[in-house]
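None of the values given here were measured: they were computed from a predicted structure. Here is how names work: the chains are called A, B, and so on, in the same order as the sequence lines, proteins then strands, and each is numbered from 1. Values below: all heavy atoms of this structure, side chains included; hydrogens, waters and symmetry mates excluded.
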Amino acid sequence: MLTRLRLAAAALAVAFAGMLAVAPASAQGVRIDITKGYMKPLPIAIPELFGASPQESQVGQDIAKVVAADLERSGLFKPIDQRAFIQTAAALQTGPRFPDWKQINAEALVSGKAEIGVDGRMRVEFRLWDVFNEQQMAGQLFTATPQGWRRIAHLIADAIYKRVTGEDGYFDTQIVYISETGPKNDRRKRLAIMDQDGENHRFLSSGADLVLTPRFSPTARELTYMSYYKGTPRVYIYQVDTGRRELLGDFPGMTFAPRFSPDGNKVIMSLAQNGNTEIYEMNLLTRQKRRLTNHPAIDTSPSMAPDGGHIVFNSDRGGAPQLYTMDSDGGGVQRISFGDGRYTTPVWSPRGDLIAFTKQKGGEFYIGVMRPDGSDERLLAQGWLVEGPTWAPNGRVLAFWKETPSSERGTGGGSKLYTIDLTGVNERQVLTPLDGSDPAWSPLIP
Amino acid sequence: MKLRFLSIFAAAALLAACESAPEEKAATSSTATPPVVKQGIVPGSEQDFIANVGDRVFFDFDKYALRADAKSTLDKQVAWLKKYPTYSLTIEGHADERGTREYNLALGERRANSVKEYLVAGGLPAARVKTISYGKERPVALGSNEAAWSQNRRGVTVLSK
């Protein structure tokens, strides 16, 4: 499936210069300011995209459903029930009758069309309308194989999100995570990958070896993760398209907690040896390794800033786990977390402005964010155990996992994936076939 | 699931009273978990090590220093392993579930190394002793309470020929 999607993506043409009159000035039109705290979701009407044949009509309905679901999950949009619509998808082809949409309180409207040519290629166009100002805000044309319809839907949702919020979208993305099943003392853990909405789910490993902490490369075509293959815990690189797995480096002890540098040329990770865990960098081009920390404490969970200049990491050198930053060559170490509690798993936002973390305090766990200098700490999610935040590529949404406690017999516990946005109000479960942990959000699919 | 729980409970009880009549307790627990091993424990066997010496030590929360009870167990391990020098050892380091995955991998490695250092200081050749950390991924006690966590914060000496 993924191969076909990739082919579709390769053929995907985002054209559309003059054909549809794009809104003249990008500043005008209906707008959501997502820099504020809680905001009222924007009522948006998303009718099925018009299709002349039954097959085209089906694709048009499917795309509209996925677009609406993406936008709804963001918490910023409120798709209006299609049963309230007055104007039909067919009639929309000659232009919106704005009073029909004002009457149902739609502030934004999507129209569009799906066509499948004699060559089997699919053409999908959409337009976004500002209902009150009676203006077109955006329009795009996509061509792809019919199997590529889901990606087109996510790209349309991203275009709408960006036009209305001014921020990049995050819907044409994937999540890699650890699928879990079985009792606590015999848990089967497998690498798994899916679209951000849970679709196109597939397993990447059999469960024969314990695998943990997968993370995407900046191209989203590679993963780095930890595996106990042959009973030896080490960091690996995995090619998503071919399934090829490669041991990363020749290290004398356990390697773990890997992450790619933002340019994709390095992996930073921990090496544990003789009771001491230090942070190392492995250059993927030269295959040279370099030690970045030098301290008898635990130094782990490194994450590089998007400009590549700094690394945030977790260390217990102060007596308990706290967050520290250092220059990317290991110099200039500074403690940044000073709050009451234990801080772990720092992850630098792709925007560079925040660091997400896990915090443990008073028997509860929290997902929070702070600025890179440690100021303005805010806690977003809370639970008996919440762990392992990962950023959506626009730096506005985080995924993490949540565990529930189990009884003496090990029953009742479980782990599920969730997302929450930076306002801390829109917590949503990401549905997975089995339990899940260690989510990692991909960049926008190139 | 129920059977597993019973056998773990029995193992814990066994550890608490490892000096006194361990064979009876072991036999009681094994009846719940087929296949049943009926014969007595052979001196110098892995069962002998587990039942009469104790294969594991326990740690306090977020600590890797060996407690007095741990040192006492490890002293007995050293004596036994000197008597039966054909075994190689893998020390597993484990953590409870009240920490994050990556930190606990590092903590488990520290605990395994604490055990290894003590055994080597006691006279076992370092080349005989390997370590591995499982962090919080391999609990033996299933509950989400301190009683379970205190069993899961452990270093386990696993024998191989």
Note to self: Could you measure the distance from the OG1 atom of A:T411 to the CG atom of B:L142? Nearest 0.5 Å is fine.
What the structure shows: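 Interatomic distance, A:T411 OG1 to B:L142 CG, rounded to 0.5 Å: 9.0 Å.
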
Notebook entry, point to check: Regarding B:K130 and A:T232, is there a side-chain donor-to-acceptor distance under 3.5 Å anywhere?
Noted result: no

Next item on the list: State, to 0.1 Å, how close A:G275 and B:N113 come at their nearest heavy-atom pair, and which atoms those are.
Entry: N-CG, 3.3 Å

Margin query: Quick check on A:E180 against chain B: is it the side chain, the backbone, both or neither that has a heavy atom closer than 4.5 Å?
Written below: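 Contact with chain B involves the side chain of A:E180 alone.
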
Check: What's the shortest heavy-atom distance between A:L210 and B:Y134, and which atoms?
Finding: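 Closest pair (atom of A:L210, atom of B:Y134, distance): CD2-CD2, 4.3 Å.
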
Notebook entry, point to check: Does a donor on one side chain sit under 3.5 Å from an acceptor on the other, for B:N145 and A:E408?
Noted result: yes

Notebook entry, point to check: Considering heavy atoms only, which positions within residues 90-102 of chain B lie below 4.5 Å of chain A?
Noted result: B:E97, B:R98, B:G99, B:T100, B:R101, B:E102

Note to self: What verdict does the side chain to side chain contact (heavy atoms under 4.5 Å, CB included) test give for B:L105 and A:T213, after you've listed the backbone C-alpha separation in whole Å, the side-chain angles of each residue and the deciding distance to 0.1 Å?
What the structure shows: CA-CA 11 Å; B:L105 286 170; A:T213 64; 5.7 Å; no

Notebook entry, point to check: Quick one: of A:E403, A:M254, A:R187, who has the most non-hydrogen atom pairs under 4.5 Å with chain B?
Noted result: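 Sorted descending by pairs with chain B, the first entry is A:M254.
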
Margin query: Working to the nearest 0.5 angstrom, can you tell me the gap between B:N152 CG and A:K184 NZ?
Written below: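 So the gap between those two atoms works out to 7.5 Å.
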
Check: Is atom CZ of A:F260 surrounded by more than 12 heavy atoms (other residues, nucleotides or ligands) closer than 6.0 Å?
Finding: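 It does: A:F260 CZ has more than 12 such atoms within range.
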
Check: Which heavy atom in B:I132 sits nearest to a heavy atom in A:P233, and how many Å separate them?
Finding: CD1-CD, 3.8 Å

Next item on the list: Examine whether an atom of A:I298 lies under 4.5 Å from a heavy atom of chain B, and if so say whether it belongs to the side chain, the backbone or both; otherwise answer neither.
Entry: both

Item checked: Minimum heavy-atom distance between B:S144 and A:S406, given as atom pair plus value ->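 Scanning both residues completely, I find the closest heavy atoms to be OG-N, 2.8 Å.
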
Next item on the list: Sort B:K136 into side chain, backbone, both or neither according to what part of it lies under 4.5 angstrom from a heavy atom of chain A.
Entry: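 Looking at B:K136, just its side chain touches chain A.
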
Check: Within a strict 4.5 Å, meaning less than it, do heavy atoms of the A:D316 and B:L107 side chains meet?
Finding: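 Side-chain contact under 4.5 Å: no.
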
Checklist line | Any side-chain heavy-atom pair of A:F256 and B:S133 under 4.5 Å | finding: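 Contact flag for A:F256/B:S133 side chains = no.
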
Check: Can you tell which of A:D299, A:T344, A:T345, A:T358 has the highest number of heavy-atom pairs within less than 4.5 Å of chain B?
Finding: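 Heavy-atom pair counts peak at A:T344.
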
Next item on the list: Measure B:A106 against the heavy atoms of chain A and call it side chain, backbone, both or neither at under 4.5 Å.
Entry: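 Contact with chain A: backbone and side chain both.
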
Checklist line | Nearest non-hydrogen partners of A:N276 and B:E109, listed with the distance | finding: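 Smallest heavy-atom distance, with atoms named: N-OE1, 3.6 Å.
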
